Structure formats: C-alpha cells, structure tokens
Number of protein chains: 4
Amino acid sequence: MTDRDNGRTGDGDRYTDDRYTEGREPARESGRAAAARGEVPRRLLATATRLFAERGYEGTSVQEIVDAAGVTKGALYHYFGSKDDLLHEVYARVLRLQQQRLDAFADADAPVERRLRDAAADVVVTSIENLDDTVIFFRSMHQLSPEKQKQVRAERRRYHERFRALVEEGQRAGVFTDETPAELVVDYHFGSVHHLSTWYRRDGRLSPQEVADHLAAMLLRSLRP
Amino acid sequence: MTDRDNGRTGDGDRYTDDRYTEGREPARESGRAAAARGEVPRRLLATATRLFAERGYEGTSVQEIVDAAGVTKGALYHYFGSKDDLLHEVYARVLRLQQQRLDAFADADAPVERRLRDAAADVVVTSIENLDDTVIFFRSMHQLSPEKQKQVRAERRRYHERFRALVEEGQRAGVFTDETPAELVVDYHFGSVHHLSTWYRRDGRLSPQEVADHLAAMLLRSLRP
Amino acid sequence: MTDRDNGRTGDGDRYTDDRYTEGREPARESGRAAAARGEVPRRLLATATRLFAERGYEGTSVQEIVDAAGVTKGALYHYFGSKDDLLHEVYARVLRLQQQRLDAFADADAPVERRLRDAAADVVVTSIENLDDTVIFFRSMHQLSPEKQKQVRAERRRYHERFRALVEEGQRAGVFTDETPAELVVDYHFGSVHHLSTWYRRDGRLSPQEVADHLAAMLLRSLRP
Amino acid sequence: MTDRDNGRTGDGDRYTDDRYTEGREPARESGRAAAARGEVPRRLLATATRLFAERGYEGTSVQEIVDAAGVTKGALYHYFGSKDDLLHEVYARVLRLQQQRLDAFADADAPVERRLRDAAADVVVTSIENLDDTVIFFRSMHQLSPEKQKQVRAERRRYHERFRALVEEGQRAGVFTDETPAELVVDYHFGSVHHLSTWYRRDGRLSPQEVADHLAAMLLRSLRP
DNA sequence: TATGAATGAGTGTTCATTCAT
DNA sequence: GATGAATGAACACTCATTCAT
C-alpha cells in the first residue's frame with residue numbers, strides 16, 4: 001500500500017539463514033551490535049514457533065508472542081511485516097532444511113532402496129525432532145496469505161518431486177513394484193510424517209530413530225515387487 | 001452465496017441421521033413444526049461444516065454461518081450452546097459414522113486380510129466423499145475446548161483400537177508380519193487418510209475407489225510377512 | 001470481503017432521513033423499540049459531526065465518538081460499517097438538504113435575479129446554522145474512500161450545475177453580465193460559503209442573515225452588466 | 001515515486017530562500033558541506049509539501065516523507081523538531097511569500113482600483129502555481145499545535161488587514177461602494193482563492209492568469225458603487 | 001422459537017519519537 | 001551529522017455471546 005516497506009517482507013530466508021541461526025563469532029562486536037544482529041528477530045521466530053504449535057496460529061496473539069519474547073510489538077513489526085510473515089518464516093525455515101537433507105540423501109552413492117530408505121527415515125527423525133514445525137506445517141498452511149500459500153506449495157512440490165523421483169527410479173529398475181503410482185506412494189508416506197505430531201509421544205516406548213526405521217521399513221515393504 | 005458447491009458429493013442430507021431428527025415424537029408438533037423439524041440445526045451444521053473447511057474454524061464468524069444458513073444468531077444459539085459446540089457436532093457426526101462403518105467391516109464374515117483391506121479402503125472412500133469433514137478433523141481439533149478434545153480423542157482411540165485389533169489378529173494368525181507394531185501400522189495408514197484433503201484432487205486421474213484400493217493395497221503389502 | 005455485511009453500508013441516507021432525524025410520534029412504541037428505532041445511530045451521527053468539526057476526522061478516534069455518544073464500539077459498528085461510513089453519512093445529509101433547498105428557490109416563481117439572490121443567501125444562512133457540517137465538508141473530503149469521494153463529488157456537481165443554470169439563465173436574459181463564465185461565478189461564491197467556518201464569528205456584529213444578504217448582494221453586484 | 005509531478009510549476013527551488021540557506025558563513029564549511037548546505041532540509045520540506053497535499057497531513061507518515069526524500073528519520077529529526085514543525089514550515093514559507101507580494105502590489109504607485117485588482121489577481125496566480133501549498137493551507141491548519149495555529153492566524157490576519165486596507169482606501173475615496181463591510185469583501189475573495197484547489201483544473205480552458213483576471217474583475221465589479 | 005441490538009474485551013497494525021552508536 | 005532499532009501508546013475494527021422482546 002505504501003512504499004515504506006524498506007525491504008522487510010517477501011524475503012523468506014532472512015531470519016532463518018546462517019546469520020541468525022548459527023553461531024558466528026560475536027567477538028568483534030559490541031553487546032548492542034551483537035544484540036542487533038539478529039538476536040531479536042531470532043528470538044521472536046523461536047517464540048512464535050513454539051506458541052503457534054502450542055495454541056495454533058489464530059489462537060496466538062501478537063501480544064503473547066512479544067511478551068514471551070521479551071520485546072515490544074514495535075520491535076516485532078520492525079522485523080516482520082505482519083503476523084502472517086512470521087508464520088511464513090517458519091515455513092521457509094522448515095522447507096529449506098528438509099530440501100537440503102533430502103537432496104543429500106537422494107544424491108548419495110548407494111543403491112536406490114538404500115537411498116529411499118535413508119531419506120524416508122531421516123524426514124521422520126527430523127520431523128520428530130522439530131515437532132513444533134511439523135504441527136504448524138500441516139495445521140496452519142491455510143492461514144498464510146494466498147500468495148504465500150502458493151509459494152510454500154511450490155516449494156513443497158519440488159520436495160515431493162525429488163522424493164517421487166527416487167521411487168520412480170526404483171520402479172524403473174524393477175526393485176520396486178509399480179502397482180501403485182509413485183505419487184500415491186509419496187503421499188502415503190508423507191501423510192504419516194505430517195501426522196507424527198498427532199500420535200508420537202516423546203515418552204513412548206520408541207525412540208525417534210526406531211519410529212523412523214519402522215516407518216521406512218513399512219514404506220520399503222509396501223514397495224516390494 | 002459461494003460457488004463452491006459445484007460437484008460436491010457429500011450433500012446436505014447426510015445430516016438427516018443425527019440427534020436432531022431422531023427420537024422426537026412427531027405427535028406433539030404442528031404440521032409446520034413437523035415440516036421444519038430439525039431443518040434449521042441441520043442446515044446450520046451443514047453450513048458450518050462447509051465454512052469451517054473453507055476458511056478454518058477461527059476464520060469463520062458466527063455471523064457468516066448464520067447468514068449463509070439463512071437464519072439469525074438467536075436461532076443458532078437456540079440450538080447450539082456455542083460456536084465450539086457446533087464444531088464438536090461436526091466431530092461427533094464423523095466419529096459416529098466412521099465407527100459404524102468400521103464395526104460393520106471388522107465384524108464381517110471373511111478372512112482377516114479381506115476385512116482389513118475392506119475397512120482400510122472404505123475409510124478412504126468415505127473420507128474423500130466427505131473431504132470437508134476430513135479437513136476440519138485434522139486441522140481444527142485444537143480449537144475444541146479441552147474437555148471436548150478429550151472426548152473426541154477418546155472416541156478416536158476406540159476407533160483406532162478396533163482397527164489395530166484387526167492388524168493384531170492378522171499378526172497372531174501369521175498372515176501379517178509382526179516386524180512393525182500394530183499401532184504404528186494404524187498410525188501410518190491414518191496419517192495418509194487424514195491428509196487426503198491435502199493432495200486428493202477430485203478432477204485427478206483416480207476415482208475415490210481407485211485411490212482407496214491403492215492405499216489399501218499398500219497397507220496390505222507393507223504387512224506381508 | 002465477506003458477504004456478512006447485512007446491508008449496512010453503501011446506503012447513504014439510512015440514518016439521515018426522516019426516520020432518524022424527524023419527530024415521529026413515539027406514542028405507540030415501547031421505550032426499547034423507540035430507542036432502537038434510530039436513537040443510537042442518530043446520536044452517533046450527531047456526536048461524530050460535532051467531533052469531526054472540532055478535531056478533524058483523523059483527530060477523532062472512534063473511541064472518543066462512542067464515549068461521547070454514551071454507547072460502545074460494538075454499537076457503532078452495528079450501524080456503521082466503518083469510521084469512513086460515518087463521515088459519508090455526514091456528507092449525505094448535508095448534500096440532500098442543500099439540494100432540496102436550492103431546488104425550492106430555483107423553481108420559485110420570481111425574476112431570475114431574485115431567485116439567484118435568494119438561493120445564494122439561503123445557502124449562506126444554512127451553512128452558518130450548520131457550521132459543523134460546513135467545516136467538515138471542505139476539510140475532510142479527502143478522507144473519504146475514493147468511491148465515496150466520487151459519489152459525493154457527483155452529487156456536489158449536480159448541485160453546482162443547478163446553481164450555474166440560474167446564472168446562465170440571467171446571462172441569456174441579459175440581466176447578468178456574461179463577461180465571466182457562469183462556472184467561475186459559482187465557484188467564486190461557493191468558495192466563500194465553504195470558508196464561512198474560517199471567519200464567521202457567531203458573536204460578531206453581523207447575524208447570519210445579514211452576512212447572507214451581504215454576500216448575495218456582492219454576488220449580484222458582480223453580475224451587473 | 002508517484003506520477004504526480006507532471007506539469008508542476010512550483011519546483012524544488014522555491015525552498016532556496018529560506019532560513020536554512022540564509023546567513024550561514026560558508027567560510028567554515030568544507031566543500032562538501034557547502035555543496036550540501038541546506039540541501040537536505042530543503043528536500044525534506046519539498047517532499048513533505050507534496051505528500052501533505054496528496055494524502056493529507058495525518059495520512060502521511062514520517063517514514064514516507066523520509067523515504068521519498070531519500071534520507072532517514074534521524075536526518076529529519078535533526079532539522080525539524082517534529083512532524084508538526086514540518087507542517088509549520090510550509091505555512092511559514094507561504095505566508096512570508098504572499099505577504100511580500102501583497103506588500104509590493106499594495107505599495108505600488110497606482111490608483112487604488114489598479115492596486116487592488118493587481119493584488120487580487122496575483123494571489124490567484126501564485127495560489128494556482130503552488131496548489132500544493134494552497135490545499136495544505138486550508139485543509140490542515142487544525143493539525144498544527146494550538147500555539148502554532150495562533151501564530152499562523154496572526155500572520156494571516158496581518159495579511160488580510162493589508163488587503164482590507166486597500167478596500168477601505170477605495171471606499172473612503174468613493175471609488176468602491178461601502179455597502180458591504182471591507183472585511184466581508186476580503187473574506188469573500190479569499191474564500192474563492194483558498195478553494196482554487198477544489199475546482200481549478202490545470203488542463204481546463206483557462207490559464208492561471210485568465211482565471212485570476214476573471215476573479216479580480218468580479219471583485220472589482222462587486223465593489224462598484 | 002426466534003430476533004437483532006448491544007456488549008466489551010480483544011485483535012493486528014501503525015507511527016511519531018528517542019537514543020546509543 | 002546521521003543511523004535505524006526499539007518503544008509504547010494509540011488506532012480502527014471484530015466477534016462470540018447475551019438478553020429484552
């Protein structure tokens with residue numbers, strides 16, 4: 001509406017990239033500079049992630065976020081264009097992370113069964129380790145603005161397609177059955193991944209890795225010719 | 001009011017079977033009242049289901065529901081104690097329906113593989129035919145009041161347990177592998193069911209029944225010893 | 001954005017017509033009905049008019065309006081779609097009133113000089129008697145939404161054109177000079193009318209009628225051939 | 001940034017004459033500072049004038065001003081004590097300019113009719129050439145702090161009085177009618193001047209000078225004995 | 001049964017201003 | 001001189017719910 005937005009929005013990776021999430025050496029900087037260099041937006045994003053997962057996006061007020069993060073609303077809106085932007089950053093972070101990991105596993109030098117199994121198990125482990133992101137992901141997508149939804153969906157599609165390519169590779173090679181379209185296989189698996197937050201109990205009998213191994217094993221068995 | 005009704009398979013009449021029309025004594029009602037019996041709450045519930053699925057629970061105002069249903073707020077609050085109540089009714093209806101269908105399949109006189117396959121496929125077909133309910137189910141549970149959530153979860157657990165019992169029966173009988181705990185198997189399958197709304201396209205290549213057959217087949221294959 | 005607006009906006013005359021501004025006999029109605037029949041919106045409109053004139057549109061908060069009117073925000077938004085709507089109602093009321101009066105004078109059975117003089121004086125008197133409306137009119141037009149501005153401008157143009165027609169009639173008849181385009185003459189006069197609020201002092205030496213007579217006389221003199 | 005600058009006659013240089021460039025000792029400044037001397041405040045004032053006219057005072061944020069002027073907030077607050085101050089400077093500039101011009105015309109060596117006519121026409125021409133100033137002047141006075149309003153009004157009064165003195169001089173000399181108090185005559189004329197922005201169209205049939213001549217002629221005719 | 005006016009606490013967002021650097 | 005992160009109070013507006021009728 002106005003042109004005053006000095007580059008604040010529409011740049012999904014800004015507060016989720018290395019600058020903000022990894023330990024750069026703060027030695028050369030004063031306290032204030034260090035604080036200014038991302039501490040506040042990072043804290044806001046972490047707090048928002050937690051609260052969105054706990055109470056839902058609509059159930060979390062901006063006031064609650066800033067109170068929990070120990071800053072004021074003005075600070076939040078200094079870094080994020082809107083509450084919706086904050087949510088978008090959560091998605092951006094997750095998407096980037098998962099894509100990186102999938103690419104690594106898919107490009108590995110190993111038989112396709114092994115690569116698919118590893119990738120399938122890895123996404124389970126990381127999803128369990130970031131259950132907050134997971135619960136937000138599948139529950140709050142519709143709260144994003146239409147264009148941001150579109151963007152997220154596009155990135156998600158890329159991810160799915162990489163995964164599907166693995167399945168198809170195995171099918172072509174004859175190590176996987178092609179009775180079921182690869183796309184359905186992928187959706188089947190990711191349905192269970194997205195719903196981990198519904199049923200996975202950290203205090204349950206199974207560790208994240210055990211759950212991951214079981215789910216990956218099921219996937220592989222369901223692909224046996 | 002919206003153009004979203006085109007091509008919907010689940011229609012308004014599926015609300016005919018609920019408690020608003022059951023067990024009333026029609027003798028005491030006037031002709032007009034009889035004609036209208038249950039009409040208003042049924043329409044409200046159908047409208048709310050549609051809107052909750054379209055815009056989310058928090059994104060739908062009570063005013064929008066009553067406007068779309070062609071009644072007034074007073075009428076809504078006459079039949080439902082709160083907006084939350086309305087959501088709860090959606091869950092109650094879905095749960096009752098699915099439990100009934102599962103029980104029928106599970107109690108059938110057939111080999112366990114057949115019973116599990118049929119039940120697994122059926123829940124897919126009915127979920128696709130009632131995608132609105134499905135999308136609400138997995139997305140809006142956290143909006144229910146804690147006690148209603150507890151209640152829904154309890155009913156859901158009963159449902160899952162009946163399904164799991166089928167799996168365990170097959171495992172004991174040796175027709176299913178017991179490599180994976182039955183509970184995980186159930187969660188794996190229902191993850192994909194809950195996420196149908198994310199990826200199932202009515203205009204896609206596969207009919208609901210075909211999708212259901214594929215998913216059931218995958219489930220069965222993943223259980224092969 | 002939503003279709004829930006049950007006919008609340010876009011109907012400029014609703015709270016400014018007889019129902020709300022004239023004394024209907026409340027005898028047949030209960031207190032509540034009488035109160036409901038326009039008391040609240042009328043009071044809101046009157047209060048808003050006063051405050052907008054005193055402090056400007058942007059300088060008046062919705063909270064101040066409702067506090068001064070003795071109601072709550074909810075009540076205001078029950079009757080008016082927005083703060084902007086409230087402003088629009090002020091314009092609608094003024095425009096309707098002035099057009100009616102001008103039409104009466106212009107259609108009278110009298111020589112054109114007389115009709116123009118009477119109309120010119122009358123608008124001065126009524127503008128002074130409703131200085132709040134006048135000050136709002138010329139100062140806050142740009143705060144209206146673009147479409148409402150357009151609407152107001154269109155009605156204002158109609159008014160000006162009727163006035164201009166009087167001038168042109170006299171010019172054709174030769175009783176007024178046509179040295180100056182009629183349009184300029186009209187703008188000249190209404191500039192002074194709109195600015196009455198800037199300089200007219202109720203406690204000054206001149207009564208509204210005297211001021212009106214002077215300004216009308218100046219107009220007529222400036223039109224002498 | 002906007003396309004509104006097309007065909008503007010008043011340019012940025014009219015801010016060259018104000019207190020930011022007068023009376024500084026250039027000796028103490030570096031070449032760079034000298035080059036920049038007064039540049040920033042002048043640009044800020046020009047930008048603010050344009051934006052205030054376009055969007056209103058309240059409708060223009062400080063951020064928008066500094067963005068459009070290509071500086072930062074800190075710079076603005078370095079030169080101007082507040083947003084209100086910026087507005088005040090607009091008034092000060094206009095008032096100083098108009099007073100200078102009026103004085104020149106009023107003190108000229110010519111018959112009073114001629115001097116009044118010239119002054120009356122000149123204020124029209126300069127108002128049209130600086131429509132931004134004009135629209136701000138009559139629309140935003142109430143946004144000034146009370147004391148600044150008082151100050152502006154006092155200067156405005158001086159201006160009006162000088163103009164009125166011309167009218168009275170003619171009335172005493174018998175060349176103008178004294179039917180109408182001189183004060184009313186002045187207000188009549190300046191009403192039309194202040195409202196030029198409402199109706200004057202740069203793309204209309206009449207040039208600024210033609211409009212000015214017409215309005216001055218009307219004034220003179222209305223003063224004929 | 002059903003109405004709809006009214007409530008009041010809450011929402012996300014804006015913005016002039018300050019100040020350590 | 002100039003920066004821009006941060007403030008905090010204010011803003012317009014929403015909405016589930018109540019209740020006299």
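Below, chain A is the first sequence line, B the second, and so on; all start at residue 1. Only a predicted model underlies this, so the values are computations on that prediction, with no experimental measurement involved.
Between C:R43 atom CZ and E:dA6 atom C1' there is a gap of 12 Å when expressed in whole angstrom units. Taking atom CD of C:Q143 as the reference point, atom P of F:dC11 lies 15 Å away to the nearest angstrom. Rounded to a whole Å, the NZ atom of B:K83 is 17 Å from the C1' atom of F:dT18. Counting to the nearest Å, the C1' atom of E:dT17 and the CG atom of D:L86 are 14 Å from each other. Note: CZ (C:R42) to C1' (E:dA5) measures 16 Å, nearest angstrom. When the C1' atom of E:dT3 is taken as reference, atom OH of B:Y79 falls 13 Å away, rounded to whole Å. Rounded to whole Å, atom C1' of F:dC11 lies 15 Å from atom CG of C:D84. In this structure, CD of A:E39 is placed 21 Å from P of F:dG4, rounded to the nearest angstrom.
When atom types are taken as modelled, the side chain of C:K83 and the backbone of C:T60 share a donor-acceptor pair closer than 3.5 angstrom. In this structure, the side chain of A:D132 does not engage the main chain of A:A53 through any donor-acceptor pair within 3.5 Å. C:S140 places no side-chain N or O within donor-acceptor distance of the main-chain N or O of C:Q143, the cut-off being under 3.5 Å.
Here the CD atom belonging to C:Q151 is positioned 8.5 Å from the NZ atom belonging to C:K148, to the nearest 0.5 angstrom. Rounding to the nearest 0.5 Å places CG of A:L87 at 9.5 Å from CE of A:M141. Here A:I136 contributes atom CD1 and A:Y91 contributes atom OH; the two are 7.5 Å apart, rounded to the nearest 0.5 Å.
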Whenever both distances are under 3.5 Å in a Watson-Crick or G-U wobble pair, mark it; put DNA chain E into dot-bracket that way, with [ ] for crossing pairs and | when the partner is on another strand.
.||||||||||||||||||||
Exercise answer: donor-acceptor pairs, residues 65-74 of chain C side-chain atoms, under 3.5 Å, sequence neighbours excluded:
residue, atom, partner, partner atom, Å
C:D67, OD1, C:Q63, NE2, 3.0
C:K73, NZ, C:Q63, OE1, 3.4

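Contacts classified as side chain to side chain donor-acceptor pair (under 3.5 Å) and involving residues 48-58 of chain C (residues at least two apart or in different chains) are given here: C:R55-C:E64.
Side chains of A:F80 and A:P41 form a contact here, defined as non-hydrogen atoms less than 4.5 Å apart.
Within residues 52-67 of chain A, no residue places a heavy atom under 4.0 Å from DNA chain F.
Partners of D:H142 under the side chain to side chain donor-acceptor pair (under 3.5 Å) rule, at least two apart in sequence or in another chain, are C:R139.
An OP1 or OP2 oxygen of E:dT14 is reached within less than 4.0 angstrom by no side-chain nitrogen or oxygen of A:Y77.
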Protein-nucleotides 7-9 of chain F N/O pairs closer than 3.5 Å?
residue, atom, partner, partner atom, Å
F:dT7, OP2, A:T72, N, 3.3
F:dT7, OP2, A:T72, OG1, 2.7
F:dT7, O5', A:T72, OG1, 3.4

Checking side-chain contact (heavy atoms from CB on, under 4.5 Å) for the pair B:Y79/B:L86: CA distance, chi angles, key distance, verdict?
CA-CA 9 Å; B:Y79 291 107; B:L86 212 38; over 6 Å; no
